[in-house]
Amino acid sequence: MNKTTEAIINQLSELILGKEEQIRLAVVCLLCKGHLLIEDLPGMGKTTLSHGLANVLGLSYQRVQFTSDLLPADITGSSVFNTQQQSFDFHPGPIFSQVLLADEINRASPKTQSALLEAMEERQVTVDGKTHPLPEPFFVIATQNPLHQSGTHPLPESQLDRFFLRISLGYPDEHAEKSLILGNNLQRQHLSELSCVLDLTALAALQQTVVAVNLSESVVQYIINLVNFTRYSGQFSDPLSPRASIALGLATRAYALTQGRDYALPDDVQAVFAAVAGHRLNVSANELDDVVKGIFDNVAVVL
């Protein structure tokens, strides 16, 4: 299994230079059947990552640019009257794809945001009283501009919780940026040249393998201690919920799997903690490293 995940990560690392850890976390999110939120400035590679991930996995892909005038039906689809059949035909929207990039989600109105977030949770869309199941797998990658930018509508805390992980790609290092300027890496025009690493059956098997990764009692206790610190230290107005605890355990297992192990270590917990907890603690991406370091300094690893 490690060879498969490494093949995915290696291909995407040739596309997004110097971001192997963020790519690994995106793969972890997919293995856990979660949805991914990427918070970053425009032009950091968010679209390339999502499109590349769909190509490597052989999944259908759609991108929706969220704007202030985007309506819920523009995403979910709508019923159109068929004059020949004298009935309404449902025309599915872009949400009916296996990988959906919801670009700049916080530029859309709260009503449109809610339509997407409800579909993410229920994995189905209801239009005119009729329910339509979404494809399997269904993986949403949403991008969010920093909230200080004009024209943004912040996602409510309860809706942020619908995202399994939040990551930030950040600026490339000097070596990677030099390669980008010189055009020495695979660019977006070569996305179609990425080879498909596994089929749907293999992906489903890989997702089922995640829950078989062993979480020892000491690792579980470490997760509980970290979560309890956010609840009882008095430092956080939005402490981590039991749903966050479950996500932390699952992401820890998936991260261990990408490392080629069938058991998890405290290092795996620390590797995914910021991505699982940051948006649930309502901490901005810029402040996250310092906040997480403070938590780790106060919660000892359980041996």
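Just so you know, residue 1 is the first one in the sequence shown, and it goes up from there.
Taking the ring centroids of H35 and F164, they lie at or beyond the 6.0 Å cut-off. Aromatic ring centres of Y222 and F273: separated by at least 6.0 Å.
Ion pair K46/D103 not flagged as a salt bridge, since none of the NZ, NE, NH1 or NH2 atoms sits closer than 4.0 Å to an Asp/Glu carboxylate oxygen. Using a 4.0 Å cut-off between charged side-chain N and carboxylate O, R280 and D238 make no salt bridge. A salt bridge links K293 with D297: at least one charged nitrogen is closer than 4.0 Å to a carboxylate oxygen.
With hydrogens and angles disregarded, a donor-acceptor distance shorter than 3.5 Å links the side chain of S168 to the backbone of E39. In terms of modelled atom types and a separation under 3.5 Å, the side chain of Q207 and the main chain of C32 share no donor-acceptor contact. Between the side chain of E121 and the main chain of E118, no donor-acceptor pair closer than 3.5 Å is present.
Annotation: side chain of F139 is in contact with side chain of L36 (closest heavy-atom distance under 4.5 Å). Between K33 and F138, the closest side-chain pair of non-hydrogen atoms is not below 4.5 Å. Counting heavy atoms from C-beta outward, L70 and Q65 have side chains that stay 4.5 Å or more apart. Looking only at side-chain heavy atoms (C-beta outward), S245 and I224 stay at 4.5 Å or farther from each other. Between P72 and K111 the shortest side-chain heavy-atom distance falls below 4.5 Å. A 4.5 Å side-chain heavy-atom check between V99 and S60 finds every atom pair outside the cut-off. Residues D173 and L17 fail the side-chain proximity criterion, which asks for heavy atoms closer than 4.5 Å. In this structure the side chain of R253 never reaches within 4.5 angstrom of the side chain of L257, judged on heavy atoms.
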Handout entry: Criterion salt bridge (Lys or Arg N to Asp or Glu O under 4.0 Å) on D268 and R261, from CA distance to verdict
Key = CA-CA 11 Å; D268 301 320; R261 285 183 271 105; 2.8 Å; yes

Exercise for the section: Run the numbers on E287 and S284 for side-chain hydrogen bond (donor to acceptor under 3.5 Å, both in side chains), then give the verdict. Expected result: CA-CA 5 Å; E287 302 169 326; S284 72; 3.3 Å; yes

Handout entry: Test log, rule side chain to side chain contact (heavy atoms under 4.5 Å, CB included), inputs L215 and T252
Key = CA-CA 8 Å; L215 276 185; T252 296; 4.0 Å; yes

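Side-chain contact annotation: N82 with S87, donor-acceptor N/O pair under 3.5 Å absent. Defined by atom type and a distance below 3.5 Å, a donor-acceptor pair is missing between the side-chain atoms of R24 and Q22. The closest side-chain donor-acceptor pair between E14 and N10, if any, does not fall under 3.5 angstrom.
With a 6.0 Å cutoff to the six-membered ring centre and a 45° limit on the axis angle, R166 does not count as a cation-pi contact of F163.
No more than 12 heavy-atom neighbours from other residues, nucleotides or ligands sit within 6.0 angstrom of CD on E174.
In this pair, F90 and H132 present their aromatic rings parallel. The plane angle is below 30°, not in the 30 to 60° band.
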